[in-house]
Amino acid sequence: MDPCPFVRILVGNLALKLPRSPSAACESSSSNCLAKVRFKGFPTQVATIPIVQEHDDNPQHHRPRHSSLQSSSSSASSSNPNSGSSTHSLAACFNLDKSQIDKFLQSKKPKSLNIEIYAGDDGGGPSSSAAACCCSSRKLMGTVVVPLDLRKAEFRPSVMHNGWVPIGGRKKGDEPAHFFLNVRVEPEPRYVFQFESDPVCSPQIFQVQGSVKQAVFTCKFNLRNQGDRSSLSRPSMADSSAPTGCLRSITGGSDGGSQSNQFTKDRKGWTITIHDLSGSPVAMASMVTPFVPSPGSDRVSRSNPGAWLILRPSSGTWKSWGRLEAWREGRKGLGYRFDLLHDGITATPTTSTLVNSVVSTKGRGKFAIDMTGTAATPACSPHSSCDFGSGSGSWSGSEFGLGMLSQPIYKGFVMSSTVEGKGGQPEVEIGIQHVNCTEDAAVFVALAAAVDLSKEACRSFPRRLRKGLQQQA
(Lines give C-alpha, C1' and ligand atoms only; values in the text may rest on other atoms or scores of the structure.)
Protein backbone atom coordinates (compact mmCIF):
# COMPACT_ATOMS: atom_id res chain seq x y z
CA MET A 1 0.00 0.00 0.00
CA ASP A 2 0.98 3.59 -0.44
CA PRO A 3 2.02 5.74 2.53
CA CYS A 4 -0.39 7.95 4.42
CA PRO A 5 -0.25 11.72 3.84
CA PHE A 6 0.98 13.84 6.73
CA VAL A 7 1.85 17.53 6.88
CA ARG A 8 4.19 19.25 9.31
CA ILE A 9 4.15 22.90 10.35
CA LEU A 10 7.66 23.91 11.41
CA VAL A 11 8.47 27.09 13.32
CA GLY A 12 12.06 28.07 13.90
CA ASN A 13 15.05 30.38 13.46
CA LEU A 14 13.62 32.65 16.16
CA ALA A 15 15.54 35.81 17.05
CA LEU A 16 14.78 39.07 18.82
CA LYS A 17 16.34 42.51 18.22
CA LEU A 18 15.67 44.88 21.10
CA PRO A 19 15.27 48.66 20.75
CA ARG A 20 18.13 50.84 21.88
CA SER A 21 16.23 52.50 24.74
CA PRO A 22 17.83 51.58 28.12
CA SER A 23 14.51 50.73 29.76
CA ALA A 24 13.51 48.28 27.03
CA ALA A 25 16.96 46.73 26.92
CA CYS A 26 16.93 46.25 30.67
CA GLU A 27 13.41 44.85 30.58
CA SER A 28 14.33 42.09 28.14
CA SER A 29 18.06 41.75 28.60
CA SER A 30 17.81 38.17 29.77
CA SER A 31 18.54 35.41 27.29
CA ASN A 32 15.38 33.69 28.54
CA CYS A 33 12.89 35.61 26.38
CA LEU A 34 10.21 33.11 25.43
CA ALA A 35 7.88 32.42 22.53
CA LYS A 36 4.61 30.64 23.15
CA VAL A 37 3.44 29.06 19.87
CA ARG A 38 -0.27 28.30 19.60
CA PHE A 39 -2.13 26.34 16.93
CA LYS A 40 -5.78 25.58 17.58
CA GLY A 41 -6.42 21.95 18.43
CA PHE A 42 -2.80 21.23 19.43
CA PRO A 43 -0.88 21.64 22.70
CA THR A 44 0.89 24.96 23.11
CA GLN A 45 4.67 24.79 22.61
CA VAL A 46 7.22 27.08 24.29
CA ALA A 47 10.72 27.95 23.08
CA THR A 48 13.57 30.27 24.04
CA ILE A 49 14.26 33.28 21.79
CA PRO A 50 17.93 34.27 21.39
CA ILE A 51 18.78 37.99 21.48
CA VAL A 52 20.72 39.44 18.53
CA GLN A 53 22.46 42.81 18.17
CA GLU A 54 20.59 45.70 16.58
CA HIS A 55 21.95 46.50 13.10
CA ASP A 56 19.05 48.42 11.62
CA ASP A 57 19.65 52.18 11.81
CA ASN A 58 16.11 52.99 10.70
CA PRO A 59 13.70 50.58 12.36
CA GLN A 60 10.02 51.09 11.66
CA HIS A 61 8.26 53.00 14.42
CA HIS A 62 4.86 52.96 16.02
CA ARG A 63 3.71 49.57 14.74
CA PRO A 64 0.79 47.94 16.60
CA ARG A 65 1.41 45.51 19.43
CA HIS A 66 -0.49 42.80 17.54
CA SER A 67 1.09 42.12 14.13
CA SER A 68 -0.39 40.01 11.34
CA LEU A 69 1.88 38.62 8.63
CA GLN A 70 1.00 37.78 5.07
CA SER A 71 1.90 34.41 3.60
CA SER A 72 4.83 35.91 1.75
CA SER A 73 7.66 37.61 3.56
CA SER A 74 7.59 40.77 1.43
CA SER A 75 6.35 42.86 4.34
CA ALA A 76 9.56 42.27 6.29
CA SER A 77 13.23 41.94 5.61
CA SER A 78 14.08 38.27 5.07
CA SER A 79 17.63 38.66 6.26
CA ASN A 80 18.15 35.62 8.45
CA PRO A 81 19.86 36.45 11.76
CA ASN A 82 21.21 32.91 11.84
CA SER A 83 22.48 32.88 8.25
CA GLY A 84 26.07 32.97 9.40
CA SER A 85 25.54 30.10 11.78
CA SER A 86 25.79 26.41 11.02
CA THR A 87 22.63 25.59 12.96
CA HIS A 88 19.05 26.89 12.91
CA SER A 89 16.88 26.17 15.91
CA LEU A 90 13.53 24.43 15.75
CA ALA A 91 11.08 26.10 18.11
CA ALA A 92 7.85 24.21 17.45
CA CYS A 93 6.49 21.44 15.25
CA PHE A 94 2.86 20.47 14.60
CA ASN A 95 1.99 17.20 12.81
CA LEU A 96 -1.28 16.85 10.91
CA ASP A 97 -2.64 13.54 9.60
CA LYS A 98 -5.02 13.15 6.68
CA SER A 99 -8.20 13.71 8.71
CA GLN A 100 -6.77 16.88 10.28
CA ILE A 101 -5.62 18.15 6.89
CA ASP A 102 -9.09 17.60 5.42
CA LYS A 103 -10.72 19.32 8.37
CA PHE A 104 -8.34 22.23 7.96
CA LEU A 105 -9.13 22.58 4.25
CA GLN A 106 -12.90 22.28 4.73
CA SER A 107 -13.03 25.00 7.36
CA LYS A 108 -14.32 28.35 6.14
CA LYS A 109 -12.48 30.16 8.90
CA PRO A 110 -8.89 31.13 8.09
CA LYS A 111 -6.30 29.22 10.11
CA SER A 112 -3.21 30.78 11.61
CA LEU A 113 -0.37 30.35 14.07
CA ASN A 114 -0.24 32.68 17.05
CA ILE A 115 3.18 33.41 18.54
CA GLU A 116 3.30 35.35 21.81
CA ILE A 117 6.64 36.89 22.76
CA TYR A 118 7.42 37.34 26.46
CA ALA A 119 10.20 39.36 28.04
CA GLY A 120 12.95 37.52 29.87
CA ASP A 121 13.47 37.31 33.61
CA ASP A 122 15.62 35.41 36.08
CA GLY A 123 13.43 32.33 36.05
CA GLY A 124 13.98 29.01 34.30
CA GLY A 125 13.63 28.51 30.59
CA PRO A 126 11.27 26.22 28.76
CA SER A 127 13.24 23.17 29.79
CA SER A 128 11.59 23.30 33.20
CA SER A 129 8.46 21.27 33.85
CA ALA A 130 6.39 24.43 34.25
CA ALA A 131 7.48 25.91 30.93
CA ALA A 132 3.97 26.40 29.63
CA CYS A 133 2.97 28.29 32.77
CA CYS A 134 6.09 30.38 33.32
CA CYS A 135 4.95 33.02 30.82
CA SER A 136 2.21 34.18 33.24
CA SER A 137 4.82 35.98 35.35
CA ARG A 138 6.46 37.67 32.34
CA LYS A 139 5.55 40.77 30.39
CA LEU A 140 3.93 40.21 27.01
CA MET A 141 5.97 42.12 24.44
CA GLY A 142 3.72 41.37 21.48
CA THR A 143 1.85 38.79 19.44
CA VAL A 144 2.52 37.72 15.86
CA VAL A 145 -0.13 36.02 13.73
CA VAL A 146 0.97 33.95 10.71
CA PRO A 147 -1.81 32.93 8.27
CA LEU A 148 -1.51 29.34 7.04
CA ASP A 149 -2.36 27.90 3.63
CA LEU A 150 -2.31 24.10 3.35
CA ARG A 151 -3.92 23.76 -0.09
CA LYS A 152 -0.72 22.49 -1.71
CA ALA A 153 1.10 21.34 1.42
CA GLU A 154 0.50 17.63 0.71
CA PHE A 155 2.57 17.88 -2.45
CA ARG A 156 5.34 20.44 -1.93
CA PRO A 157 6.97 22.50 0.84
CA SER A 158 5.75 26.07 1.30
CA VAL A 159 7.23 28.97 3.26
CA MET A 160 4.49 30.81 5.12
CA HIS A 161 6.84 33.47 6.49
CA ASN A 162 10.56 34.13 6.63
CA GLY A 163 11.64 37.51 7.95
CA TRP A 164 11.49 40.22 10.59
CA VAL A 165 8.33 41.74 12.03
CA PRO A 166 8.15 44.67 14.48
CA ILE A 167 6.46 44.08 17.83
CA GLY A 168 5.63 46.50 20.64
CA GLY A 169 6.21 50.22 20.14
CA ARG A 170 2.62 50.80 21.05
CA LYS A 171 3.11 54.13 22.76
CA LYS A 172 4.11 57.20 20.81
CA GLY A 173 7.84 57.61 20.86
CA ASP A 174 8.56 53.99 21.76
CA GLU A 175 10.79 52.00 19.45
CA PRO A 176 9.49 48.53 18.56
CA ALA A 177 11.49 45.39 19.05
CA HIS A 178 11.96 43.22 15.95
CA PHE A 179 11.17 39.52 15.92
CA PHE A 180 12.47 37.08 13.30
CA LEU A 181 10.83 33.75 12.53
CA ASN A 182 10.56 31.16 9.81
CA VAL A 183 7.31 29.24 9.34
CA ARG A 184 7.35 26.38 6.87
CA VAL A 185 4.71 23.82 5.88
CA GLU A 186 5.91 20.62 4.24
CA PRO A 187 4.57 17.19 3.26
CA GLU A 188 5.75 14.29 5.43
CA PRO A 189 4.26 11.02 4.11
CA ARG A 190 4.57 8.09 6.51
CA TYR A 191 3.94 4.37 6.62
CA VAL A 192 1.52 3.50 9.39
CA PHE A 193 1.39 0.13 11.17
CA GLN A 194 -0.96 -1.04 13.89
CA PHE A 195 -0.77 -4.01 16.27
CA GLU A 196 -3.96 -6.07 16.33
CA SER A 197 -3.72 -6.25 20.14
CA ASP A 198 -1.14 -6.05 22.94
CA PRO A 199 2.32 -7.15 21.73
CA VAL A 200 2.41 -9.73 24.54
CA CYS A 201 -0.52 -11.53 22.90
CA SER A 202 1.54 -12.17 19.76
CA PRO A 203 -0.81 -10.34 17.40
CA GLN A 204 -0.78 -9.67 13.70
CA ILE A 205 0.52 -6.28 12.57
CA PHE A 206 -1.32 -4.37 9.86
CA GLN A 207 -0.25 -1.64 7.50
CA VAL A 208 -2.94 1.04 7.59
CA GLN A 209 -4.06 3.60 5.05
CA GLY A 210 -7.24 5.36 6.04
CA SER A 211 -9.88 2.69 6.62
CA VAL A 212 -7.92 0.01 4.72
CA LYS A 213 -5.78 -2.49 6.66
CA GLN A 214 -3.46 -5.12 5.25
CA ALA A 215 -1.60 -7.72 7.33
CA VAL A 216 2.17 -7.44 6.77
CA PHE A 217 3.81 -8.90 9.92
CA THR A 218 3.16 -11.19 12.84
CA CYS A 219 4.82 -10.79 16.20
CA LYS A 220 5.74 -13.43 18.76
CA PHE A 221 6.32 -12.68 22.42
CA ASN A 222 8.38 -15.10 24.48
CA LEU A 223 9.99 -15.45 27.90
CA ARG A 224 13.59 -16.46 27.21
CA ASN A 225 15.27 -19.08 29.37
CA GLN A 226 17.97 -17.16 31.24
CA GLY A 227 20.38 -20.09 30.98
CA ASP A 228 20.04 -20.32 27.20
CA ARG A 229 23.01 -18.42 25.80
CA SER A 230 22.00 -19.27 22.26
CA SER A 231 18.67 -17.48 22.48
CA LEU A 232 19.98 -14.57 20.42
CA SER A 233 20.87 -16.78 17.47
CA ARG A 234 18.60 -16.78 14.46
CA PRO A 235 15.34 -18.55 15.42
CA SER A 236 14.54 -21.74 13.60
CA MET A 237 11.57 -21.71 11.25
CA ALA A 238 9.95 -24.36 13.44
CA ASP A 239 9.63 -21.75 16.19
CA SER A 240 8.50 -18.88 14.00
CA SER A 241 4.75 -19.47 14.11
CA ALA A 242 2.89 -16.99 16.29
CA PRO A 243 0.09 -18.12 18.60
CA THR A 244 -3.18 -16.26 18.45
CA GLY A 245 -3.68 -15.92 22.20
CA CYS A 246 -1.52 -14.77 25.07
CA LEU A 247 1.31 -17.22 25.72
CA ARG A 248 0.35 -20.19 27.88
CA SER A 249 3.99 -20.75 28.82
CA ILE A 250 4.04 -17.59 30.92
CA THR A 251 0.42 -16.94 31.80
CA GLY A 252 -1.14 -20.23 32.80
CA GLY A 253 -1.34 -23.96 32.19
CA SER A 254 -0.53 -26.69 34.68
CA ASP A 255 2.46 -24.81 36.10
CA GLY A 256 1.17 -21.33 35.35
CA GLY A 257 1.09 -20.22 38.98
CA SER A 258 4.81 -20.48 39.68
CA GLN A 259 5.78 -19.11 36.27
CA SER A 260 3.40 -16.18 36.62
CA ASN A 261 4.97 -15.35 39.99
CA GLN A 262 8.46 -15.40 38.54
CA PHE A 263 7.36 -13.35 35.54
CA THR A 264 5.88 -10.67 37.79
CA LYS A 265 8.93 -10.36 40.03
CA ASP A 266 11.87 -10.80 37.69
CA ARG A 267 10.87 -8.93 34.54
CA LYS A 268 13.74 -10.33 32.53
CA GLY A 269 14.28 -12.45 29.44
CA TRP A 270 11.40 -10.97 27.43
CA THR A 271 11.71 -11.10 23.65
CA ILE A 272 9.59 -9.93 20.73
CA THR A 273 10.26 -11.40 17.28
CA ILE A 274 8.73 -9.83 14.17
CA HIS A 275 8.04 -12.19 11.24
CA ASP A 276 6.98 -11.48 7.70
CA LEU A 277 3.96 -13.31 6.29
CA SER A 278 6.12 -16.19 5.07
CA GLY A 279 7.19 -16.85 8.67
CA SER A 280 10.76 -15.56 8.29
CA PRO A 281 12.03 -13.52 11.26
CA VAL A 282 12.84 -9.96 10.15
CA ALA A 283 13.47 -8.12 13.45
CA MET A 284 13.78 -8.81 17.16
CA ALA A 285 13.73 -6.93 20.46
CA SER A 286 15.48 -8.79 23.29
CA MET A 287 15.64 -7.67 26.92
CA VAL A 288 19.35 -7.79 27.80
CA THR A 289 19.31 -5.91 31.12
CA PRO A 290 16.59 -6.93 33.61
CA PHE A 291 14.11 -4.35 34.87
CA VAL A 292 14.71 -4.41 38.64
CA PRO A 293 13.98 -1.90 41.42
CA SER A 294 16.81 0.30 42.63
CA PRO A 295 18.12 -0.45 46.15
CA GLY A 296 15.72 0.89 48.77
CA SER A 297 13.06 1.60 46.14
CA ASP A 298 10.20 -0.16 44.40
CA ARG A 299 10.92 1.45 41.03
CA VAL A 300 13.23 1.09 38.06
CA SER A 301 15.33 4.25 38.24
CA ARG A 302 17.30 6.23 35.69
CA SER A 303 20.52 5.26 37.44
CA ASN A 304 19.74 1.56 36.91
CA PRO A 305 17.57 1.26 33.79
CA GLY A 306 16.45 -1.88 32.05
CA ALA A 307 17.61 -2.31 28.47
CA TRP A 308 16.69 -3.97 25.18
CA LEU A 309 18.77 -4.81 22.13
CA ILE A 310 16.97 -4.25 18.84
CA LEU A 311 18.28 -6.65 16.20
CA ARG A 312 17.87 -7.30 12.50
CA PRO A 313 18.92 -10.31 10.40
CA SER A 314 22.25 -10.20 8.58
CA SER A 315 23.95 -13.10 6.74
CA GLY A 316 22.04 -15.80 8.58
CA THR A 317 22.46 -14.38 12.08
CA TRP A 318 21.27 -11.45 14.17
CA LYS A 319 22.99 -8.08 14.03
CA SER A 320 22.59 -5.46 16.77
CA TRP A 321 20.96 -2.31 15.37
CA GLY A 322 20.06 -0.28 18.45
CA ARG A 323 19.79 -0.24 22.23
CA LEU A 324 16.79 1.02 24.18
CA GLU A 325 17.06 1.92 27.88
CA ALA A 326 13.96 2.66 29.94
CA TRP A 327 13.12 3.61 33.51
CA ARG A 328 10.32 5.03 35.64
CA GLU A 329 10.17 8.83 35.64
CA GLY A 330 7.96 10.28 38.38
CA ARG A 331 4.52 8.82 38.99
CA LYS A 332 3.20 8.70 35.42
CA GLY A 333 6.25 8.95 33.20
CA LEU A 334 8.41 6.54 31.22
CA GLY A 335 11.97 7.75 30.67
CA TYR A 336 13.78 6.36 27.67
CA ARG A 337 16.99 6.63 25.68
CA PHE A 338 17.61 5.05 22.29
CA ASP A 339 21.12 4.64 20.88
CA LEU A 340 21.88 3.59 17.32
CA LEU A 341 24.76 1.11 17.11
CA HIS A 342 27.25 1.68 14.27
CA ASP A 343 29.57 -0.77 12.61
CA GLY A 344 33.24 0.15 12.84
CA ILE A 345 36.75 -1.15 12.52
CA THR A 346 37.34 -0.81 16.25
CA ALA A 347 36.54 -3.53 18.77
CA THR A 348 34.04 -1.28 20.56
CA PRO A 349 31.05 -0.24 18.41
CA THR A 350 30.26 3.47 18.27
CA THR A 351 26.81 4.77 19.16
CA SER A 352 24.65 7.79 18.44
CA THR A 353 21.88 8.86 20.77
CA LEU A 354 18.78 9.46 18.67
CA VAL A 355 16.46 10.37 21.51
CA ASN A 356 16.58 10.84 25.30
CA SER A 357 13.25 11.94 26.71
CA VAL A 358 10.15 11.14 28.79
CA VAL A 359 6.67 10.10 27.69
CA SER A 360 3.56 10.17 29.85
CA THR A 361 1.93 6.80 30.48
CA LYS A 362 -1.29 8.45 31.63
CA GLY A 363 -3.71 8.40 28.74
CA ARG A 364 -2.13 8.26 25.28
CA GLY A 365 1.47 9.42 24.98
CA LYS A 366 3.87 9.12 22.08
CA PHE A 367 7.43 7.85 21.78
CA ALA A 368 9.11 9.71 18.93
CA ILE A 369 12.43 9.98 17.11
CA ASP A 370 12.66 13.20 15.10
CA MET A 371 16.04 14.25 13.68
CA THR A 372 14.77 17.33 11.87
CA GLY A 373 17.71 19.42 10.76
CA THR A 374 20.50 17.11 11.89
CA ALA A 375 23.15 15.95 9.45
CA ALA A 376 23.47 12.27 10.37
CA THR A 377 22.28 10.55 13.57
CA PRO A 378 23.82 12.90 16.19
CA ALA A 379 22.52 13.28 19.73
CA CYS A 380 19.04 14.75 19.66
CA SER A 381 17.04 16.83 22.12
CA PRO A 382 13.46 18.16 22.05
CA HIS A 383 14.85 21.43 20.68
CA SER A 384 17.51 20.15 18.29
CA SER A 385 19.06 22.12 15.44
CA CYS A 386 16.87 22.47 12.39
CA ASP A 387 17.26 23.35 8.74
CA PHE A 388 13.57 22.56 8.15
CA GLY A 389 14.41 19.69 5.79
CA SER A 390 12.98 16.23 6.18
CA GLY A 391 14.72 14.38 3.42
CA SER A 392 12.96 12.58 0.62
CA GLY A 393 11.64 9.06 0.40
CA SER A 394 12.83 6.51 -2.13
CA TRP A 395 10.43 3.63 -1.48
CA SER A 396 6.89 3.62 -2.83
CA GLY A 397 4.45 1.04 -4.11
CA SER A 398 2.36 -1.75 -2.71
CA GLU A 399 5.08 -4.15 -1.55
CA PHE A 400 8.16 -4.15 0.62
CA GLY A 401 11.37 -4.42 -1.38
CA LEU A 402 14.57 -6.31 -0.61
CA GLY A 403 17.93 -5.20 0.68
CA MET A 404 19.36 -3.52 3.76
CA LEU A 405 21.23 -0.33 4.55
CA SER A 406 24.41 -1.17 6.46
CA GLN A 407 24.92 2.38 7.70
CA PRO A 408 21.57 4.20 7.66
CA ILE A 409 21.54 7.98 7.93
CA TYR A 410 18.50 9.29 9.75
CA LYS A 411 17.19 12.79 9.18
CA GLY A 412 13.87 14.54 9.48
CA PHE A 413 11.00 12.65 11.07
CA VAL A 414 12.10 9.06 11.73
CA MET A 415 9.33 7.28 13.64
CA SER A 416 6.79 7.48 16.43
CA SER A 417 4.64 4.99 18.33
CA THR A 418 1.76 5.40 20.73
CA VAL A 419 2.14 4.59 24.43
CA GLU A 420 -1.10 3.96 26.31
CA GLY A 421 -1.46 3.73 30.07
CA LYS A 422 -3.71 0.63 30.11
CA GLY A 423 -2.33 -1.35 27.23
CA GLY A 424 -3.84 -1.17 23.79
CA GLN A 425 -2.87 -1.48 20.16
CA PRO A 426 0.36 0.42 19.51
CA GLU A 427 0.32 2.45 16.32
CA VAL A 428 3.64 3.05 14.58
CA GLU A 429 4.43 5.80 12.07
CA ILE A 430 7.64 5.67 10.03
CA GLY A 431 8.96 8.34 7.66
CA ILE A 432 9.09 6.90 4.14
CA GLN A 433 12.68 8.03 3.58
CA HIS A 434 13.78 5.52 6.22
CA VAL A 435 12.13 2.45 4.69
CA ASN A 436 13.81 0.76 1.75
CA CYS A 437 13.06 -2.88 2.59
CA THR A 438 11.06 -5.17 4.85
CA GLU A 439 13.68 -5.18 7.61
CA ASP A 440 13.76 -1.37 7.73
CA ALA A 441 10.07 -1.26 8.64
CA ALA A 442 10.20 -4.32 10.90
CA VAL A 443 13.03 -3.02 13.08
CA PHE A 444 11.02 0.10 13.96
CA VAL A 445 7.99 -2.07 14.72
CA ALA A 446 10.16 -4.17 17.07
CA LEU A 447 11.39 -0.97 18.76
CA ALA A 448 7.78 0.17 19.24
CA ALA A 449 6.92 -3.18 20.86
CA ALA A 450 9.92 -2.84 23.22
CA VAL A 451 8.77 0.63 24.25
CA ASP A 452 5.26 -0.66 24.93
CA LEU A 453 6.57 -3.55 27.06
CA SER A 454 9.02 -1.23 28.87
CA LYS A 455 6.06 0.73 30.17
CA GLU A 456 4.85 -2.47 31.83
CA ALA A 457 8.31 -3.57 32.99
CA CYS A 458 8.74 -0.21 34.76
CA ARG A 459 5.65 -0.63 36.94
CA SER A 460 6.23 -0.40 40.68
CA PHE A 461 7.30 -3.64 42.37
CA PRO A 462 5.66 -5.96 43.27
CA ARG A 463 2.63 -4.51 41.50
CA ARG A 464 0.87 -6.98 39.22
CA LEU A 465 1.32 -6.49 35.52
CA ARG A 466 -1.55 -5.79 33.14
CA LYS A 467 -4.15 -8.43 32.32
CA GLY A 468 -2.53 -9.39 29.03
CA LEU A 469 0.49 -10.65 31.01
CA GLN A 470 -1.42 -12.35 33.82
CA GLN A 471 -4.60 -13.88 32.48
CA GLN A 472 -4.99 -17.52 31.49
CA ALA A 473 -4.55 -18.26 27.80
Side-chain angles (χ1 to χ4, degrees), residues 2-12 35-47 89-107 111-115 132 146 148-160 181-194 207-210 338 354-355 357-360 363-374 380-393 410-420 426-435 441 444 447-448 451:
D2 292 330
C4 298
F6 281 76
V7 165
R8 297 207 299 172
I9 302 172
L10 302 169
V11 182
K36 184 183 285 188
V37 187
R38 299 180 185 274
F39 184 48
K40 188 175 181 180
F42 290 81
T44 298
Q45 300 183 38
V46 181
S89 61
L90 175 65
C93 178
F94 301 94
N95 297 278
L96 285 70
D97 61 22
K98 178 62 174 175
S99 62
Q100 292 168 320
I101 297 170
D102 291 342
K103 185 177 180 180
F104 186 105
L105 296 176
Q106 292 167 6
S107 175
K111 301 293 183 179
S112 60
L113 281 178
N114 284 47
I115 301 99
V146 183
L148 298 176
D149 183 359
L150 299 187
R151 284 174 294 181
K152 298 180 180 179
E154 288 186 53
F155 309 103
R156 65 184 184 189
S158 301
V159 177
M160 300 290 103
L181 76 159
N182 178 290
V183 179
R184 181 179 175 91
V185 178
E186 63 178 23
E188 182 66 49
R190 303 172 185 178
Y191 292 106
V192 180
F193 301 90
Q194 187 177 62
Q207 186 181 352
V208 180
Q209 188 189 46
F338 179 69
L354 298 193
V355 65
S357 191
V358 178
V359 61
S360 173
R364 187 180 174 97
K366 188 166 276 193
F367 166 89
I369 301 176
D370 194 334
M371 306 298 293
T372 301
T374 56
C380 178
S381 68
H383 294 278
S384 58
S385 62
C386 174
D387 63 2
F388 302 105
S390 295
S392 59
Y410 296 105
K411 59 185 293 186
F413 172 83
V414 179
M415 65 88 67
S416 69
S417 63
T418 56
V419 179
E420 300 189 33
E427 187 172 279
V428 188
E429 298 170 5
I430 308 172
I432 63 169
Q433 65 268 30
H434 305 301
V435 179
F444 287 115
L447 173 58
V451 171

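No hydrogens, no waters, no symmetry mates; every other heavy atom, side chains included, goes into these values.
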Side-chain contact, heavy-atom cut-off 4.5 Å: [X] with [Y]?
X	Y	answer
Leu181	Val146	yes
Pro187	Pro157	yes
Asn95	Glu188	no
Val183	Leu113	yes
Met371	His434	no

From [atom1] ([X]) to [atom2] ([Y]), nearest 0.5 Å:
X	Y	atom1	atom2	value
Ile9	Arg184	CD1	CZ	13.0 Å
Arg151	Leu105	CZ	CG	9.0 Å
Leu150	Ser107	CG	OG	11.0 Å

Quick check: closest heavy atoms across [X] and [Y], and the distance to 0.1 Å?
X	Y	answer
Thr418	Pro426	OG1-CA, 3.5 Å
Leu10	Leu90	CD2-CD1, 4.1 Å
Ile430	Ala441	CD1-O, 3.8 Å
Pro5	Ile101	O-CD1, 4.3 Å
Cys4	Gly210	SG-N, 4.4 Å

What residues form a ring pair (Phe, Tyr, Trp, His ring centres under 6.0 Å) with Phe39, not counting sequence neighbours? Phe42, Phe94
List in chain and number order the residues that pass ring pair (Phe, Tyr, Trp, His ring centres under 6.0 Å) with Phe338, two or more places apart in sequence or in another chain; answer none if no residue qualifies. Trp321
Residue pair Leu447, Val428: steps toward the side chain to side chain contact (heavy atoms under 4.5 Å, CB included) verdict: CA-CA 10 Å; Leu447 173 58; Val428 188; over 6 Å; no
For Ser112, which residues count as a side chain to side chain contact (heavy atoms under 4.5 Å, CB included) partner, sequence neighbours excluded?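 Here the qualifying residues are Asn114, Val145.
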List in chain and number order the residues that pass side chain to side chain contact (heavy atoms under 4.5 Å, CB included) with Lys103, two or more places apart in sequence or in another chain; answer none if no residue qualifies.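 Lys103 satisfies side chain to side chain contact (heavy atoms under 4.5 Å, CB included) with no other residue.
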Contacts of Lys40 that satisfy salt bridge (charged side-chain N to carboxylate O under 4.0 Å, His left out) - sequence neighbours left out: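 Applying salt bridge (charged side-chain N to carboxylate O under 4.0 Å, His left out) to Lys40 gives none.
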Not counting sequence neighbours, which residues clear salt bridge (charged side-chain N to carboxylate O under 4.0 Å, His left out) with Glu427? List them please. none
How far apart are the C-alpha atoms of Val414 and Val355, what are their side-chain angles, what is the distance that settles it, and do they pass the side chain to side chain contact (heavy atoms under 4.5 Å, CB included) test? CA-CA 11 Å; Val414 179; Val355 65; over 6 Å; no
My understanding is that only residues two or more places apart in sequence, or in another chain, count here; which of them pass side chain to side chain donor-acceptor pair (under 3.5 Å) with Ser99? Asp97
Who pairs with Arg156 by side chain to side chain donor-acceptor pair (under 3.5 Å), at least two apart in sequence or on another chain?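 Listed in chain order: nothing, the list is empty.
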Between the side chains of Thr372 and Arg8, is a donor N or O closer than 3.5 angstrom to an acceptor N or O? yes
Determine, stepwise, if the pair Phe6 / Ile432 fulfils side chain to side chain contact (heavy atoms under 4.5 Å, CB included). CA-CA 11 Å; Phe6 281 76; Ile432 63 169; over 6 Å; no
Has Gln209 got a side-chain atom pairing as donor or acceptor with Asp2's backbone, closer than 3.5 angstrom?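 At least one qualifying donor-acceptor pair exists.
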